[in-house]
Participant: 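Okay, handing you the structure first.
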Amino acid sequence: MPTSNLTLASEVKYLKGVGPARAEVLATRGISTVEDLLYYAPFRYEDRTRLTRIHDLIPGQTTTIFAKVLTCGLMRTRRGTFIFDLAATDQSGPGGIIRCKWFNAVYLHRQKVFRQGQRVFFYGKVERDPFGTGNLQMIQPQYEILPESEEGGRDSLEVGRIVPIYESIGRLSPRVLRRLISTALEALGDRIPDRLPPSVLGKNKLMRGARAVRLTHFPENEDKLEDLSRFRTPSQVRMIFEEFFNVGAGLALRRRRAKAAPGIEFRVRDTVRAAIKRVLPFHPTAAQKRVLKEIVDDMRSPPPMNRLLQGDVGSGKTIVAVQAALVALDNGYQVALMAPTEILATQHFFYIRDLLAPLPYSVDLLISARRARAKADLKERIATGAVNLVVGTHALIEEDVQFARLGLAIVDEQHRFGVMQRFKFIRKAATPDVLVMTATPIPRTLALTLYGDLDFSVIDELPPRRTPIETRLINESGRQAAFDFIRAKVRGGEQAYVVYPVIEEAARPDIRTAVRMFEYLARNVFPEFRVALLHGRLPSEEKEGVMQLFKRGEIQILVSTTVIEVGVDVPNAAVMLIEHADGFGLSQLHQLRGRIGRGSAQSYCLLMAGDSPNEVADERLRTMCETTDGFRIAEIDLKLRGPGEFFGTRQSGIPTFRIANLLRDQEILEWAKREAAEFVEHPASREEFESYVAFLRKDWPRRYGLAGVA
Ligand code: ADP
Ligand code: MG
């Protein structure tokens, strides 16, 4: 296909300069069309209209210089490590020399990246060499080498303008990406259709799409570097708005569609009130009562419920779910409760079965580990409606599970499942009500996007008589004291968890593994106690057995991995030792710690960490010691990790934004979301609405990995 026929939808391999090999590299970042490439935004910009002369550099300044390589080479330090050392000059008078250093950069030498006489842009922080001459230097600067053929041409993409800097993709450098994007823009000319409805553009006084794309990559020299760095030029704002608007509109449409489907009108009768009274083991907190009312109000109204119940670890979500389940059961419907791990599903099953024992409902458990015969049998009873409440893992949403009359689907620890899995559930039956629960306190911005199609209930109060957990950071020298502490607590009748990051094979020999430490702890440290091992790779029956014994207090110390991270509830366990705590994520530590502090006894969490040189890890551990507030922890986690990683790799439902940034762009998110809702509710014209929805329907699943718009 000739370049002149290029459209946004063209495969990127047809772009001049790409070809199959580069197309493959681009695909690793999800760039498969020309449009994808154009939405690959710079992460920063360099002002190369006025380059600072080396002569005028001030230590402490972060800037770009343009200089010629004088000498370069690999040096060996006294400690035996390598430094790649380079001297460059821009002939800006005496002192117009700077040294650039890269540690351990043997590849710069091997690959002969630099040569004498080359002209190079260096970007970095200027400082004085603390040793030797006191010369100016840059440590590990970013660099861009200007090919000889292109020196200072008038249309240069690299000099004499504000230059976009992209994150490299594989071996595609910022420079190559800059060329490709420039080529694409040129080839497209004015054939860049606007992705926002015209009425929205007009109303919000936004720049037209084609111009915004162009200026986001190649700003005008009048644009202020400071605005560009904050992503607040009119072109950038327009691009960010567009991205949030599309997600917002998609969620609004999905929400509208969900509401329009005929749902079930549950009735709340005296029989269910009596049943709840009969089985409720304690007085619900005010927050539990409030959220139950919100849920039951949804259940009584005709549109299907799609509600997220959010509550910090230990806030008591389970009993709320059980009460909602009783409403559905009382109306003659089935209930499904899905949990992310077998351990949690099994625990829920036993808890609910015992709780509902006085009532005439049959409760069962569906996990893949059960024998084929038993499973087939259970599926049959689910299909005939003989089972009223089924607890299970994702085995519940397998194709061959057919409910006779599913009325309420509950998903526990939703953040462990992908959004797609939630939707599979919804498709299982006509339109059951859906309640998803999560203990991960989701910061407001994330919640707005991730769960924008759900109603929200929050349990913001812990059950009474909880003493805040005390958390302490200890290092290797405190190990003995930590073991003594656990011993004293267990002697006093309490139980303890000892948590390790890996089961058995560690990448590094200095990592303690659960299997090895279990043997050591059981034999050498706590021979007087009953110690057991729990991890995800044990056979289901063994896992179940160990959990039951721990629950009944017959096991006193449980050596475990993160399998206990979600949901496990043993109130008598009041001590937790987490080894290699610096290797866990913040939210994960919070979840783990949530296993203790569930009874009235003072609970203690001991975080054991090496003398870690890692600042981020330090801040995580410090945060854990300072607060038990899940919301604060989540906010800090988001800041430390960046939105993409917030849920780790397990989360598959978060739209990955290309230009927008959830932390930086909160106010644009709220603005765009408001406008999107308004647009869906009151479109300016039928025509505009329909053509926009058609675009979204095509674009949405591919780009944001979410299905089912309208
Ligand atoms: P999570 O919200 O983390 O799922 P759970 O539902 O497991 O929390 O509840 C945590 C613990 O608190 C459980 O032992 C539960 O029985 C207890 N609990 C829940 N609500 C109350 C309450 N209102 N009063 C006393 N204990 C409660
Ligand atoms: Mg729970």
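Only this structure's heavy atoms are used, side chains among them; waters, hydrogens and symmetry mates stay out. Note that the structure is predicted; figures quoted are calculated from it, not measured. Just follow the structure's listing: the first ligand is 1, and inside any ligand the first atom is 1.
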Participant: So is Pro284 touching ligand 1 or not, going by heavy atoms under 4.0 Å?
Facilitator: yes

Participant: If the threshold is 4.0 Å, N to carboxylate O, is there a salt bridge linking Lys543 and Glu342?
Facilitator: yes

Participant: What atoms in ligand 1 come closer than 4.0 Å to a heavy atom of Pro463?
Facilitator: 18 (N), 19 (C), 20 (N), 21 (C), 22 (C), 24 (N), 25 (C), 26 (N), 27 (C)

Participant: Between Asp569 and Arg595, does at least one N-O distance fall below 4.0 Å, as a salt bridge requires?
Facilitator: no

Participant: Heavy-atom pairs closer than 4.0 Å: do any link ligand 1 to the side chain of Asp569, the backbone, both, or neither?
Facilitator: side chain

Participant: Would you tell me whether Glu294 and Ser457 have side-chain atoms, one donor and one acceptor, within less than 3.5 Å of each other?
Facilitator: yes

Participant: When you look for heavy atoms under 4.0 Å from ligand 1, do you find them on the side chain of Met437, its backbone, both, or neither?
Facilitator: neither

Participant: Number the atoms of ligand 1 from 1 as they appear, then name those within less than 4.0 Å of a heavy atom of His283, with their elements.
Facilitator: 22 (C), 23 (N), 24 (N)

Participant: Closer than 4.0 Å to some heavy atom of Thr318 - which atoms of ligand 1 meet that?
Facilitator: 4 (O), 5 (P), 6 (O), 7 (O)

Participant: Would you please determine whether Gln591 falls within less than 4.0 Å of ligand 1 on a heavy-atom basis?
Facilitator: no

Participant: At a 4.0 Å threshold, what atoms of ligand 1 neighbour a non-hydrogen atom of Val313?
Facilitator: 3 (O)

Participant: Which ligand 1 atoms does Thr285 reach within 4.0 Å, using its non-hydrogen atoms?
Facilitator: 23 (N)

Participant: Is any N or O atom of Gly316, backbone or side chain, closer than 3.5 Å to an N or O atom of ligand 1?
Facilitator: yes

Participant: State whether the shortest distance between N or O atoms of Tyr351 and N or O atoms of ligand 1 falls below 3.5 angstrom.
Facilitator: no

Participant: Would Gly314 count as a polar contact of ligand 1, with the cut-off being nitrogen or oxygen pairs under 3.5 Å?
Facilitator: yes

Participant: My understanding is that only residues two or more places apart in sequence, or in another chain, count here; which of them pass side-chain contact (heavy atoms from CB on, under 4.5 Å) with Arg479?
Facilitator: Glu476, Phe483, Arg512, Met517, Glu579, Met608

Participant: Are the side chain of Glu635 and the backbone N or O of Phe631 linked by a donor-acceptor pair below 3.5 Å?
Facilitator: no

Participant: Testing the 3.5 Å rule here: is there a donor-acceptor pair between the side chains of Thr471 and Arg593?
Facilitator: yes

Participant: Counting only heavy atoms, which portion of Lys317 has something under 4.0 Å from ligand 1: side chain, backbone, both, or neither?
Facilitator: both

Participant: Decide, yes or no, whether a salt bridge links Asp377 with Arg370 under the criterion of side-chain N to carboxylate O below 4.0 Å.
Facilitator: no

Participant: With heavy atoms under 4.0 Å as the rule, classify the contact between Ser315 and ligand 1 as side chain, backbone, both or neither.
Facilitator: both

Participant: Taking atom types as modelled and ignoring hydrogens, do the side chains of Gln495 and Asn572 form a donor-acceptor contact shorter than 3.5 angstrom?
Facilitator: yes

Participant: Ignoring hydrogens and angles, write down the donor-acceptor pairs under 3.5 Å from the side chains of residues 619-626, residues two or more places apart or on other chains.
Facilitator:
residue : atom : partner : partner atom : Å
Arg620  : NE   : Phe584  : O            : 3.0
Arg620  : NH2  : Asp582  : O            : 2.9
Thr623  : OG1  : Glu619  : O            : 2.7

Participant: Pairing donors with acceptors under 3.5 angstrom, does anything connect the side chains of Asp312 and His590?
Facilitator: yes

Participant: What part of Arg466, side chain from CB on, backbone N/CA/C/O, both or neither, has a heavy atom under 4.0 Å from ligand 1?
Facilitator: side chain

